[in-house]
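Below: one structure, written as structure tokens.
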There are 2 protein chains.
Amino acid sequence: MGPLDGYLPYLLNRAGARIAAAFSEEVRPLGATLQIWRVLAALHERDGRRMGDLRETTSIEVSTLTRLVDGMEKKGLVARRRDAADARAVTLHATPAGRRMTRIILPIAARYEKVALKGFSEAEATVLKTALRRLFDNMDGLRKS
Amino acid sequence: MGPLDGYLPYLLNRAGARIAAAFSEEVRPLGATLQIWRVLAALHERDGRRMGDLRETTSIEVSTLTRLVDGMEKKGLVARRRDAADARAVTLHATPAGRRMTRIILPIAARYEKVALKGFSEAEATVLKTALRRLFDNMDGLRKS
DNA sequence: CTGAGTTATTTGTAAATGCAAATAATGAGG
DNA sequence: CCTCATTATTTGCATTTACAAATAACTCAG
């Protein structure tokens, strides 16, 4: 056990990076990335989201998101549309190909949860997830203090 | 609560990113970064580590580490030395300035733990950290499966 | 004591990322 | 209807990062 093992930010980052790396490797042959999956998952829950909305739900920077969506559009996974209600905004829509990819990745994501949480009881898993949400909330708006 | 809120990798990444961002902002005026802090903390525990050793304990890629250490050397925080025992290796040593910075950041890191874990009991915090280590271990070597 | 194979670190290079400035469109006053 | 302040997205650019190739030094068999 290393010296940094006591630090929460380190433990968090380390575990997150490892899961992300494994997941990424698995979906790469499908032409997907972790970020692409995040966008697809968000659109799966609700299609036609705006960029700013996606930024919020995926925690991906808007500028990064723009370029990510550029790529996804080129791959035919999503389509941009001007929002009818407010023409400043763009709405994103999963194409049939996008939805097909979502259906393929959904079970993979589920399997990864299982692997990552191997040895955890249902209750322990819930506690962990709740703790991570609390942590996130605890850091909310701390940047201006 | 967003649609991704059920996914562990997302929760992990999101919480980790937020803590990292807040911590980074706090130590930036000192001329430090999260990565610099990781190296300093590792050297605080044991000075004279090799690059490969640091890679292991900090989870920072070796090539990234090389350039990070380049910068730290320029700032006078650490000094590279050829390992006397094995001249292929380089050992890293904190300078007085490096140790001074470590002493300054240590309490900041401790404070961040407190803020992040606000509302957590001692026991809950321990459970969370243990869970994160288990998670990390669960993903060990999964990449070749 | 020399060459083949191994280990440690650095460098080359291309992709990802994030901030800040630029662009585009809205809405409210006058 | 203009103009100004606001909101939404994109683009410019400099930094960070990671993989892979290059370098350097070790080990050991012959």
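Naming convention: chains lettered A, B, ... in sequence-line order (proteins, then strands); numbering from 1 in each chain.
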With sequence neighbours excluded, what pairs up with B/Arg103 under the salt bridge (Lys or Arg N to Asp or Glu O under 4.0 Å) test?
none
Would one find a side-chain N or O of B/Thr64 under 4.0 angstrom from OP1 or OP2 of D/dT17?
no
Would you say C/dT17 has OP1 or OP2 under 4.0 Å from some side-chain N or O of A/Gln35?
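Indeed, a polar side-chain atom of A/Gln35 lies that close.
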Distance, rounded to the nearest Å, where [X] contributes [atom1] and [N] contributes [atom2]:
X	N	atom1	atom2	value
A/Leu54	D/dT10	CG	P	11 Å
B/Leu34	D/dT17	CG	C1'	14 Å
A/Met72	C/dA16	CE	P	14 Å
B/Leu68	D/dT17	CG	P	8 Å
B/Asn13	C/dT17	CG	C1'	13 Å
B/Arg28	D/dT16	CZ	C1'	14 Å
A/Glu56	D/dT7	CD	P	15 Å
B/Glu73	C/dT9	CD	P	13 Å

Please work out if B/Arg80 contacts a base, only the sugar-phosphate, or nothing of the nucleic acid, heavy-atom cut-off 4.0 Å.
sugar-phosphate
Residues, nucleotides or ligands: over 12 heavy atoms within 6.0 Å of B/Arg81 CZ
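Incorrect, the count does not exceed 12.
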Hey, is NZ on A/Lys129 packed in by over 12 heavy atoms from elsewhere, all under 6.0 Å?
yes
Quick one: do the A/Tyr10 and B/Ser59 side chains pair a donor with an acceptor below 3.5 Å?
yes
Donor-acceptor pair between A/His93 and A/Thr91 side chains, under 3.5 angstrom
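There is such a pair (donor and acceptor under 3.5 Å, judged by atom type) between the side chains of A/His93 and A/Thr91.
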B/Met51 or A/Ile60, whichever maps to the more 5' nucleotide of DNA chain C
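By nearest-heavy-atom nucleotide position, the 5'-most residue is B/Met51.
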What pairs of donor and acceptor atoms, side-chain ones from residues 65-72 of chain A against any protein atom, are under 3.5 angstrom apart with sequence neighbours left out?
unit_1, atom_1, unit_2, atom_2, d
A/Thr66, OG1, A/Val62, O, 3.3
A/Asp70, OD1, A/Arg80, NH1, 3.0
A/Asp70, OD1, A/Arg80, NH2, 3.0

Angle class for the A/Phe23/A/Trp37 ring planes (parallel below 30°, perpendicular above 60°, tilted otherwise)?
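If you compare the ring of A/Phe23 with that of A/Trp37, the planes turn out tilted.
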Summary of protein contacts for nucleotides 20-27 of chain D, nucleotide by nucleotide, where a base hit scores B, a sugar-phosphate-only hit scores S (4.0 Å, heavy atoms):
B----BS-
